[in-house]
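Scroll down for the structure; my scribbles are underneath it.
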Amino acid sequence: MHKINALYTNEMIKIIRRPSVIFVLVLLALSSILWPILLSSLLMMSMDEAELYYSREYYEDRLKNINDDIGNADDYMTVETVSIDVNGTVKDVPMTLYSADYDQVNALAYKECFEDILANYDFEKYPIGKTWLSYMTAMQYTVFNQDYYVMNLDPVEERDAAWLSNYETMGKAVESMRKALMQHEYEPYREAVILSCKAHNISDYSEPENISRLAATDPNGELGFSEGEYLVGYYTQISDKKTKLDTGMGYSFDLPRILTEEQKVQNANGIKILEYKIQKHNTYDRISEGAVEVISITREINQFVLIILLILIAGSSVSQEMATGSIKSLIIAPVRRWKIFTAKLMSIVTWMLAASIIMSILVFISIGCYFGFDKIPTYLFVAGGAVAEMPFIFYLILSDLVKNIWIFFYALVAFMISCFTKNTGVSVGISVGMLLAHSMPQYFVDTKLPRVFLEFTPYANMNLVSQCFPYADLMFAEQGVSLFENISIDNPLWFSIAYVVILTFVVLFIAYDEFTRKDFQ
Amino acid sequence: MSAWKASGSLYINACMNHEGDKMKENVTPALSIKNITKIYGKKRAADAVSFDIYPGEIFGFLGPNGAGKTTVIKSILGFIFPDEGEVMINGYDVKKDYEKAMASVGGIVENPEMYQNLSARTNIEMYARLHDGVTKEMIDNVINEVGLSARAKEPIRKYSLGMKQRIGLAQAMVHRPKLLILDEPTNGLDPSGIHQLRDILKKYAHEEGAAVMVSSHILTEMQLLCDRVGIIDNGKLITVCSLEELNKQMDSTSGYSIKVSDAEKAQKILSDNKIPVSKGEEGYVEAEVEEDEIASAVRMLVTAGVDIFEVRKIQSTLEDVFLQVTGGGIDIA
């Protein structure tokens, strides 16, 4: 064993002293520290801008722009009486008719709302944007009014009884929403949403239920915007999960799929976690969300640098020694080849783990310093039927390790190739090529072959983050979108792990066999 | 050269005893290889090669390019797996007791390739880590022994070829192996470096009792350095012979080169007097006579009116032997 230790020590010295490795390590460290700072700066700038939204100045400014754009509205807007057939009875309805286009009508709708808000809304009492209710009602008021105006663009000859009913319902919805805004009340808001759903023939709409739940916990409408957004998001996710459990169906890329037992358990646990978060007022502000967003983007960027680092180390592990002849001093030493192989593999695995962990820690520190460590949320999961919390740093380290499994695997492929060739460029190049093209077979299988084959494609089984950390998406109100979305499959975790283990074993066996039986010329 | 060629087979006959010195019969060979065979496609790179090397001797391994020298050395050192044969190092079978066998071996194959970004000392420390019982003092001593103490902290990439040879030798010797195998160790060394290397190896073999195997194509060096030589050609070991024995044969079979005013006339006179003679370089004849016959031969020529300008004894060299044995396929540096 001490020989393996000695070989391992030597391998680590060789790797850390290579200029190319030092360069990529510096790159990785800089990427882990600088990207969060850069992205955070951009995010904070956009947040600063957000502060201006829905102030009196905002409305005045928007109104001025609209007036400048549309000029005199009377030129293309007339109010006339239109006769509509209602169940065989002709009804005369006063109605606005336009000779304008869609954008101009939109602008007119906005203009009307903005003028109304500026004239009648008490900005001092309920600053718009400070509370969830004021923000949402102000926004929805203009949106609903816009819908109402646009209905007037329908040709007169198409306006029948059904249209008139929807039109009148939408008018009531706008009025109700205006009342919710001006009086700062939840109930008119809920009614307006229900009316709007009715006017648009939408049956499955969870928003009214969410508003009721919010009203129950926040009768005076004092809930902050972010907090309200989170609560509504949690409510929506709970109802979504309940629907999935009730129907036993889920969706994957808009295709209905029958839930597996594992997915049913995850949905049930997800509801527990969401209720726990609601109960604990585990809601975060936009800074927290921004912090995690920045972490997420930085992780994706860092993966590229990690790929370069690990494939460089693994792909040159044997080939470069063969090319330079330095392998001779290893072969001539009194150690069996399997020990040399083991030490090399150990050093590569060490670098895999160390690089990933250091990267996670650096990103966490960088984010924590910039946003504040208290702004970074915890990862919630269910253990023994109860909800438990994991500090984000541990979650980040572990999930990064899982997330990087496919990179680790391709680094081992690079190591395998390096046992066959003296040319480091070949071993590194082929590995990078395989890695870049890894999703092609997956898409080919998905489009040309029965879906069952998809479950046996390598990458499909290496993307284990969602299986190992199924509740990461519940950290925030809305599910984050991965930059590298892949075709999802429903393989159970044990299958994916077994698949990865077997594939890794095969790769390592081929490498081992070549290294230990090879003639070094 | 032509003088000894006539009786060149004598060298081979004198050296065909592969067992070498009979007096070493009871000593365990530092290296014993038996019937090493390595086949690449249809080519037998090494064909049933067998020889022993004993503690305290320097063994020269000679052969033209592609003869199979490196194949044999790589088979001994575990770089390649021979198709047949057995390698025993200090009594350990390499196949069965690889680590014990290799623990007492040091070597340089082809060129001393080390880790370019690391210093000479770090390279040696890394190598020493793989051996038991190598102390810091031993590392210092061996670096000092090859004369690179002052530059041991510099990265290898800054070293000249000669310096690399020296540090390669230091690495190979750091654990004081009982068997040292060096492939072309004088490559890149200047004359003083070669001299120093020769001293180190002789001291190492003759004073410390290690066995040293040296492959080189600089035959004069081998002649000065080795105690025994083995010659390989086309994968087959042609002969193993002690230098002492070889020197005796070379001395006993030499003739005389005579610079004369008329070479053709001189050749005819000597030939008429039944003295084996051949034409040498321009103006020379080479007479195959013993020391006690040269005076009468000279007298014959002078009497016949041929002027004599120089009489020189022909000294056969290892190179001559090598050329004769291998049929001239020599690779001379």
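In what follows, chains carry the letters A, B, and so on, assigned in the order in which the sequence lines appear, proteins first and then strands, with residues in each chain numbered from 1. Not measured: the values here are computed from a predicted model.
Annotation for A/K518: atom NZ counts as buried by contact number, over 12 foreign heavy atoms lying within 6.0 Å. For B/K100, the NZ atom sits in a loose shell: 12 or fewer heavy atoms of surrounding residues, nucleotides or ligands are nearer than 6.0 Å. Atom CZ of A/F420 is surrounded by more than 12 heavy atoms from other residues, nucleotides or ligands within 6.0 Å. For A/W351, the CH2 atom counts as densely surrounded, since its 6.0 Å shell holds more than 12 non-hydrogen atoms of other residues, nucleotides or ligands. For A/F509, the CZ atom is loosely surrounded, since the number of other residues' heavy atoms within 6.0 Å does not exceed 12. In B/K43, the NZ atom is crowded: over 12 heavy atoms of neighbouring residues, nucleotides or ligands sit closer than 6.0 Å.
With a 4.5 angstrom heavy-atom cutoff, B/K38 touches chain A only via side-chain atoms. Interface residue A/R337: only side-chain heavy atoms are found under 4.5 Å from chain B. For a residue to count as touching a neighbouring chain, one of its non-hydrogen atoms must lie under 4.5 Å from one of that chain's; by this rule A/K339 touches chain B with the side chain only. Contact annotation for A/Q320: neither backbone nor side-chain heavy atoms come within less than 4.5 Å of a heavy atom of chain B.
The nearest pair of heavy atoms linking A/V335 to B/Y98 is O-CE2, 3.3 Å. Nearest approach of B/E99 to A/R336, heavy atoms of both residues: OE2-N, 3.1 Å.
Under a 3.5 Å cut-off, the side chain of A/K328 and the backbone N or O of B/N111 do form a donor-acceptor pair.
Proximity to chain A among residues 113-136 of chain B is limited to B/E113, B/M114, B/Y115, B/N117, B/L118, B/T122, B/M126, B/Y127, B/R129, B/L130, B/H131, B/D132, judged by heavy-atom separations below 4.5 angstrom.
The candidate from A/L330, A/N5, A/T324 with the greatest count of non-hydrogen atom pairs under 4.5 Å with chain B is A/T324.
Inter-residue side-chain proximity for A/F520 and B/I80 is flagged as unmet; no heavy-atom pair is nearer than 4.5 Å.
In this structure, CZ on B/F81 lies 6.5 Å from CG on A/D519, to the nearest 0.5 angstrom.
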